[in-house]
Amino acid sequence: MSPDDLFDPPPGPPADEPVAARIAYLRREIERHNRLYYDEARPEISDREYDALMEELRQLEERHPHLRSPDSPTVRVGGRPAPEAQQVVHRVPMLSIANTYSPAELAEFDQRVRKLLNKGGDIPYVVELKIDGVAVTLMYEDGVLAYGATRGDGTRGEVITANLLTVDGVLKRLPGKLAGAGRRLEVRGEVYIETADFEMLNREATQAGEEPYANPRNLAAGSLKLLDASITARRRLRIFHYAVGDTDMTLPPTHMEFLAWLEAAGFRVNPERRLCRSIEEVIEHAAVWETRRSSLPYNTDGLVVKVNDRTAWPALGLTAKSPRWMVAYKFSAEQAETRLLDIKCQVGRTGVVTPVAVLEPVFLAGSTISRATLHNEDEVRRLGVLIGDRVIIEKGGDIIPKVVRPIESLRTGAERRFKFPSHCPECGSRLVRSAGEVAVRCENMACPGQVRERIAHFASRQAMDIEGLGDVLVTQLTEKGLVRDPADLYSLTVEQVANLERMGTKSAENLIAQINASRSRPLHHFVYALGIRQVGAAAARLVAQRYATLEDFMKAPAEDLMQIEGFGETTAQCVRDFFANPHNREIVARLLAAGLELPNPLHRPAGAATGTAESPFAGKTVVLTGTLASMTRDAAREKIEALGGKVSGSVSKKTDLVIAGEEAGSKLDKARALGVRVMDEAEFLRLLGR
Ligand code: IVH
C-alpha cells in the first residue's frame, strides 16, 4: 500500500455510500493502479481485482449518466509514457483487450460477435497464448526498422529502438521477399523473458548485492526503458509477434494465415496457436491450457481469442478501449502446494504486528516463494492453518502471494496451532489489541523492530528523501546502536558509517552528504516523515498549506486541525496524541536542534491578506493538463500552491484556470466547452516570473 494515501489504511467509502463518492473513489483507485502497473511496474492487485473495480465503475456510470466524465478511466486506456523520452504517436492506437474469466463469459462473447455480424452457424476463432510481457510496436519503412516503441498510453508511446534491437527476434530489416509488397509495415508483439533466464539474472543480481526483481515482466519492462542498450542486451529479452498496426500492404484474409505470413517473412511468432471451429472448441481448448501452461518456459496470464476472419473485423469495430473481435480469457491464479514451516510475526513502524507465513520454498508463476502474508490474527483463524500443514498458496498476477487453505487430509498429527504472541517478538513488551480493531500493536516506541521501520520511513523518498539509506543500512545502523531514532541520523560521523560492513569511506561520505542535504527538506516532507498515524504524504501537504511552521502545527487544537480537508476527529486526535507524547516531542526538539530548516513553500494563509494576495493564482482553482516542457507536473503544482492556488485533477465549472501543455487532451476540450480560461506554458511561465 502506498504511503501516499491520505489515510492509512486506505479508506474508500463502503459500497452503500453516496454514488458520487463511490465513483470518485473508484476512479482514484483505478488511476493509482494504472500508475502502479504501467509507470512503476509494481502492481498491487491482480487483473481480476482490477477488472472488478472497473466493472463496478462502468455499471455505476451506466446507471447514473449525469456522473459520467470524459476523464473517467472507463473511457481512457491506462498508463502514461515517460515525459523526458522521445515519443511517437501510434497511427493505429494500441488498445487493450477485454477480459473474460469463465467459459460462460466466453460464450457471451461469441453471442455478441454473432449478433453484431448477424450470423448463424459457428464462428471460427484463433486461440493464442497471452504472453505476460510488455507490448511493443515496430515500424518498418522501406524495408528497415524506422523506430520501435512502447505502448505508452495507447495513443503515444516512448521510442526505444536501440533497446529493441537487442531483443532476440526483432528484425532490423524486412526480408527481401516482402520488398515491393508496400512501403510501410507496423508489426506488434510482446517482449518477454523466459523463466530460466529470469532466475539466472536474479541470482546474479542477488550475488551483486542488489535487490532481486519481482517477476519476469517487471524485469522486461525495466530493461526496455534503460538508457544504456548494452545493459538491455544482457537481459535476454525475446519477442513474439502477433498483430499489425499501420500498413499499406495487403494482408491475408484470415488471422491464422496472417500469423503464418508473418512467420514466413521471418518474424518470431508463437507456435502455440490454434484454429478452433466454434466457441465450444475454444472452451475445450482453454481447459487444456489451464493445466498445460505451467510447462511453458515463459509466463502467460491467459489466452487471447480472436475472430479468424479478418474481413469481419471492421464490422465488429472497437469499443473505447478494445477491439470487439477479440477477447482475453484469464487463467485462474496459479496455485502451488508447499509446507507451512512457521508463522513469524513482524513489527511495522506504527507497532502493528503482522503474521507472515514462512514456507518451504516453491516455484510459482515465475518466481520462488518462501513467504506469504497472513494479514492478521483473524485471517489465520479464518484459514484454519496449523504450523507444519501442507498448504495451497496462490499468486494472482504479480501480487504478494497468499495462503489459500490447508490440506487437512494430509495432516499427520504433528502440526501445531499458531498462538499469536502476547509479547512483541522484537522487544518483548506486552502487545495490545484495541477494542474493535483487528490489528495488534506493540506500544513500545523504543522497540527495535519499530525503530528500524520508522527510520526507513523517515529516510524514504516522500519523507526526508535520504538517498542510499535503504533497509540493509538502516538495519546495520540500528543493530550497532548507532541510530535509535531519526534525530540520531544527524549526528552520525563518516568514521562510524565507514566501519560498517560493506561500507567504505567513499560511500560513508556520500551517505553523510545525503543526510546533510535532507536538512533543507520542506515542512510537508518532514510532517510525513514523522509517521503520525493517519497522516500520509497527501495529508502532510494539506497540513503545510494551513500551518506556516511546525510550531503552529504542533500547538493547533483538534478543532483547528479538523478545518483541514479530509481531517476528521480520528485524524485530529492522532495528531494531538502524537505531540502529547513526551518521547515524540523530545525527538522533534532534537531534530530541530540538528538544524532542520523546514522551509514551507506550500503555506497558504487563511484569507488573502498576505503576500500572495496579488498573485494571479491566489484563491484560484487550477487544472494542469498535457505535458509542460519546462518542468514536471509536480513542480508546477508546487509553484501554483506556493502562490496561493489550489491544483485540482479535473475540470469543472468551479475551475478558474486551465494550464495546457503539449498534447493536452480531453481536459482542454472540456475547459473550452465550459468557457474556462485556458493558458499556455509560455504565459504560465511569465506569470510565475512576475
Ligand atoms: S493482440 C488490442 N495477442 O495483452 C491489443 N495481445 O492485455 C492487441 N498480449 O496489450 C494485442 N499476448 O500486450 C495480442 N497473443 C497476443 C498477446 C497479446 C499478450 C498483450 C498485449 C496487450 C495485452 C492486453
Side-chain angles (χ1 to χ4, degrees), residues 33-34 37-38 41 43 46-48 50-51 54 76-79 81 90-101 109 125-138 148-155 157-158 160 164 167 169 186-193 216-218 220-221 224 237-247 251 255-256 258-260 262-263 267-276 282 285-286 289 293 296 298-308 310 313-314 316-331 396-398:
H33 290 300
N34 281 345
Y37 184 94
Y38 289 109
S46 65
D47 285 1
R48 195 179 288 254
Y50 177 87
D51 286 342
M54 197 63 127
R76 289 176 301 105
V77 178
H90 303 306
R91 271 178 263 180
V92 174
M94 292 180 79
L95 300 173
S96 358
I97 316 182
N99 287 328
T100 60
Y101 296 97
F109 161 71
Y125 294 101
V126 178
V127 179
E128 294 171 30
L129 291 178
K130 190 165 183 309
I131 309 298
D132 194 11
V134 183
V136 299
T137 189
L138 302 158
T150 62
R151 177 169 100 146
D153 63 2
T155 309
E158 212 179 300
I160 49 164
L164 279 171
V167 174
E186 185 185 10
V187 184
R188 292 175 176 172
E190 198 83 358
V191 171
Y192 67 98
I193 296 183
R217 179 163 53 70
N218 287 8
L224 284 176
L237 303 170
R238 301 165 202 256
I239 188 168
F240 281 128
H241 301 83
Y242 47 61
V244 69
D246 182 36
T247 187
L251 301 174
H255 184 61
M256 205 61 185
F258 162 74
L259 292 175
L262 272 184
E263 198 167 51
F267 289 99
R268 211 162 165 260
V269 179
N270 194 313
E272 305 292 351
R273 53 185 190 260
R274 172 172 169 138
L275 179 60
C276 295
V282 170
H285 189 55
W289 271 118
R293 64 175 157 146
L296 289 164
Y298 42 80
N299 277 358
T300 60
D301 57 345
L303 301 172
V304 184
V305 181
K306 303 176 181 175
V307 171
N308 188 37
R310 291 178 56 99
W313 291 3
L316 289 165
L318 314 167
T319 70
K321 305 186 70 163
S322 51
R324 287 204 188 84
W325 36 267
M326 69 162 98
V327 80
Y329 172 76
K330 302 300 280 273
F331 293 137
D398 320 287

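We count ligands from 1, going down the list as the structure has it; atoms in each ligand are counted the same way.
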Check: N270/Y298 side-chain N/O donor and acceptor closer than 3.5 Å = yes

Classify the side-chain pair E128/Y242 by whether it contains a donor and acceptor separated by less than 3.5 Å.
-> no

Within 4.0 Å of some non-hydrogen atom of E128, the atoms of ligand 1 are 3 (N), 15 (N), 16 (C)

Ligand-side contact atoms (ligand 1) for residue partner P323, heavy atom cut-off under 4.0 Å | 2 (C)

For atom 19 (C) of ligand 1, the option (of V244, D132, V126, I131) bearing the nearest heavy atom | I131

Candidate with minimal heavy-atom separation from atom 8 (C) of ligand 1, of K330, E190, M326, R151 | M326

Do the non-hydrogen side-chain atoms of L164 and L224 ever get within less than 4.5 Å of each other?
-> yes

Identify the protein heavy atom lying closest to [atom], giving its residue, its atom name and the separation to 0.1 Å.
atom	value
atom 24 (C) of ligand 1	I97 CG1, 3.6 Å
atom 5 (C) of ligand 1	L95 O, 3.5 Å
atom 11 (C) of ligand 1	Y242 CE1, 3.5 Å
atom 7 (O) of ligand 1	K130 NZ, 2.9 Å

Under 30°, 30 to 60°, or over 60°: which ring-plane class applies to W313 and W325, parallel, tilted or perpendicular?
-> parallel

Between [X] and ligand 1, find which residue part has any heavy-atom pair under 4.0 Å and reply side chain, backbone, both or neither.
X	value
L129	backbone
S96	backbone
R188	neither
K306	side chain

For F258, is the NZ or CZ atom of R310 found under 6.0 angstrom from the centre of its six-membered ring and inside 45 degrees of the ring axis?
-> yes

Aromatic ring proximity, centroids under 6.0 angstrom, F109 and Y329 = no

Hey, is R273 close enough to E263 for a salt bridge, meaning N to O under 4.0 Å?
-> yes

About how many Å separate OG1 of T137 and NE2 of H90, when rounded to the nearest 0.5 Å?
-> 6.5 Å

